[in-house]
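Written below as structure tokens is the structure these notes are about.
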There are 2 protein chains.
Amino acid sequence: MPATIRDVAKASGVHVSTVSRAFSAPQLVNAETRAHVLAAAEVLGYRPNRAARALITGRTHNIGLIVADIANPFFPPLIKAAESHARGRDYHVFVADTNEDPGVEEELVLALAKQVDGVLLCSPRMSNTQIEQLSREVPLVVVNRPVPGLPAVVMDVAQGARLAMEHLVGLGHREIALLGGPRGSWTNREIRRAATLAARTAGAELVVLGPNAPTEESGSAQAEAVLRAGVSAVLAYNDLMAVGLIDALDHRGVKVPDQISVVGIDDTALSRRTRPMLTTVATPTAAAGRAAVDMLLQHGDDRRTTALVTLQTELVIRDSSGPGPHRTAGPGRRQQPPFDGVASESRE
Amino acid sequence: MPATIRDVAKASGVHVSTVSRAFSAPQLVNAETRAHVLAAAEVLGYRPNRAARALITGRTHNIGLIVADIANPFFPPLIKAAESHARGRDYHVFVADTNEDPGVEEELVLALAKQVDGVLLCSPRMSNTQIEQLSREVPLVVVNRPVPGLPAVVMDVAQGARLAMEHLVGLGHREIALLGGPRGSWTNREIRRAATLAARTAGAELVVLGPNAPTEESGSAQAEAVLRAGVSAVLAYNDLMAVGLIDALDHRGVKVPDQISVVGIDDTALSRRTRPMLTTVATPTAAAGRAAVDMLLQHGDDRRTTALVTLQTELVIRDSSGPGPHRTAGPGRRQQPPFDGVASESRE
DNA sequence: AGTTCTGCTGCAAACGTTTGTAGTCGCATG
DNA sequence: CATGCGACTACAAACGTTTGCAGCAGAACT
């Protein structure tokens, strides 16, 4: 029913190959002929069938984007940035949601494999070996985890966690809890590593709670555990959990930051909306989305590339963190490294 | 490079057509042969090329889902429900975001047209005539707007607005502001119509402010206007705007609900997170996502169908609405119609 | 005048599938 | 022994494109 290239050829009295070239290689066809063809196409409402084109060129001009949870406010800015960046390069982005399930994750990559030119795998919960296997099916760029042998873009969340810990210690906190994230998450491991180290060098004690689902509910659910641990400050895996925790503490009549300080990670839109406003580590999500698209488009088919882009993070001090029980000559109110959202690039 | 059906045929010593049938019509091929074929396919890592299949069957087994703004918390539940529902029917959902821009909206439908079996168009900002034109390119199901001649699923937001107004009037409010939504929105027109009617029948005054972008910022920006209007209650186009407004009022030292009552619409996750918790109209977004998928899959190619599914809404009373200046024997605390998330179906 | 070049267009194969039709085989039936 | 049938499998055309190659005219060289 829809018009094909053959209909256009017939209508304009030329061969199909000429019609094809009129669209995809204008310089190879006489300007006058081309005008004829385009006019005929217009009246027929012809639109090239991308599937057929993909079949022969091997390029679909589509990018897959897989995220753990589209409802997590961390992802939308990344998605939007990737979409508009890709659109500017004549690519379309197909978003899919895995519900934090590694099985669905794998299934989706496989399903997308043949209909996109590459997949952006964000915050994967699979194992590295699984990811490497999948990378044989379709070009992959991993976001929020460095996978040896694959292009990846990560955020320097270790640095962010360190800054957050130093901030808390500087405020006089000596017993701090880490509200851990989900099991498969590289980011979670990084945070834990950096926080542990920072606590040790500062002579503070770190209580690790987790792993937990990275949700608001799970943040709330850990409130009891936090209180039992007897800490004066908490660093959470992400803003969502921090918000959930603050909420549950509030319900119990525990004042933030007067009795307990809470610091989040991600600086989502949420963090400016809570009472008190959330001290958090800002991660450059939009920049990550753009960088991932660039890497995918740039590397094209040579899948075994090893570029790693690392984006800087910064500490954003708001109102959910305050003085701890151990008075100290604290640091100044602001403690932010220069930040332009762009990357240090390295190779491994 | 990736294994094709021909490789599998060669490896298992049968014709390609047999391989094809081994996958898509198992009962037509000898069980033993089939086992051979599947084994060969397995070792070669063969996966059928969906683009090639689509070329001949005309079915891609993909669904496009277009939303105005993926960062608006109204959409993720709808998206997730549509995705998992579709996955259960062996379909994949491709999500795209228009940034509230009608131009991008049209472009995306056209781009998706040839690579999906149909498109779910959520909360369109285009005109009805534009939508009808596009429906000739690809089967369309419209969500949040009834378009004559096209299948659509809408929420009975007029009923929700009426309930909200009655709630406010019952609390003693006589001067109420309506914080309007975006220009192209059918939902916005419905709310306005219903609220106006409800105000008139109750003898209350309604001040309409807008149109506005459906964002938190724009809710905050209207705080001045709300105060100038001298109203004691506000009904907002959505939760996002309600939250933004409450925030801005709070900054000005205006107490909610003591001085001004605020009611939202959508019952997003946000509404339970604000202080005070938001009174709002719950819209069954997940059910809408599922219903839309069903309609698309069911109607298949006969595009000119006229089914309309209407989903009920309910009023959820929380803490952001309180007594107004005019004491009345108010209604009970709860005022909710029976609600099971399912639809009344009708035809027009 | 012959040759080469340039600019354009047509031809036909190819991409990886599906599917209608025809063929083969063994076996039971008449 | 011919016939028919059932179960299976091979053949080949088709889907809507792209693209290397060849062809052809005319212009520009030698």
- Query: What's the CZ-C1' distance between A:R47 and D:dT17, to the nearest Å?
  - Reply: 17 Å

- From the options D:dC11, C:dT19, D:dC15, select the nucleotide whose nearest atom is closest to the side chain of B:I56. D:dC15

- Atom pair distance, as rounded to whole Å: CG in A:N30 and C1' in D:dA25: 13 Å

- Query: From the list D:dT18, D:dC21, D:dC15, which nucleotide is the closest neighbour of the side chain of A:R21?
  - Reply: D:dC21

- Message: Quick check for you: among C:dT18, D:dA10, C:dG10, whose closest atom lies nearest to any side-chain atom of A:H15?
- Response: C:dG10

- Message: Rounded to whole Å, how long is the line connecting atom CZ of B:R53 with atom P of C:dT17?
- Response: 8 Å

- Item | Whole-Å gap separating C1' (D:dT17) and CD1 (A:I5) | 6 Å

- Query: Among pairs that include at least one residue of residues 74-87 of chain B, which meet salt bridge (charged side-chain N to carboxylate O under 4.0 Å, His left out), considering only residues two or more places apart or in two chains?
  - Reply: A:D69-B:K80, A:D97-B:K80

- Tell me: CG of A:D7 to C1' of D:dC15, nearest whole Å? 13 Å

- Can a salt bridge be assigned to the pair A:R125 and A:E100 using a cut-off of 4.0 Å between side-chain N and carboxylate O? yes

- Once you round to the nearest 0.5 Å, how far does CG of A:L108 lie from CG of A:L65? 11.0 Å

- Message: Just the rounded figure in Å: distance from C1' of D:dA22 to CG of A:L28.
- Response: 15 Å

- Answer yes or no: does atom NE2 of A:H36 have more than 12 heavy-atom neighbours from other residues, nucleotides or ligands under 6.0 Å? no

- Message: Does A:Y46 reach a base, just sugar-phosphate, or nothing at all? Heavy atoms under 4.0 Å.
- Response: sugar-phosphate

- Note on the structure: With the side chain defined as heavy atoms from C-beta on, A:R6 is closest, among C:dA12, C:dG16, D:dT17, to D:dT17

Could you go through residues 37-46 of chain A and list every donor-acceptor pair under 3.5 Å that involves a side-chain atom there, pairing it with any protein atom two or more places apart or in another chain?
none

- When rounded to the nearest 0.5 angstrom, what distance separates CG in A:N49 from CZ in A:R47? 12.5 Å

- Message: Nearest to the B:S20 side chain among D:dT18, C:dT18, C:dT17, which nucleotide is it?
- Response: C:dT18

- Short side-chain N/O contact to D:dT9 OP1/OP2 from B:T33, under 4.0 Å: yes

- Message: What's the separation between atom CD in A:E107 and atom OG1 in A:T98, rounded to the nearest 0.5 Å?
- Response: 11.0 Å

- Item | Shortest side-chain distance from B:S17, nucleotide among D:dA10, C:dT17, C:dC8 | D:dA10

- Message: Please report the distance, rounded to the nearest Å, between CG in B:L55 and P in D:dA13.
- Response: 17 Å

- Item | Distance, rounded to the nearest Å, where B:Q27 contributes CD and D:dG6 contributes P | 17 Å

- Message: Please report the end-to-end axis angle for the helix from C:dA1-D:dT30 to C:dG30-D:dC1, five pairs per end, rounded to 10 degrees.
- Response: 60°

- Message: Check the phosphate of D:dA10 against B:T18, side-chain N and O only, distance under 4.0 Å to OP1 or OP2. Yes or no?
- Response: yes

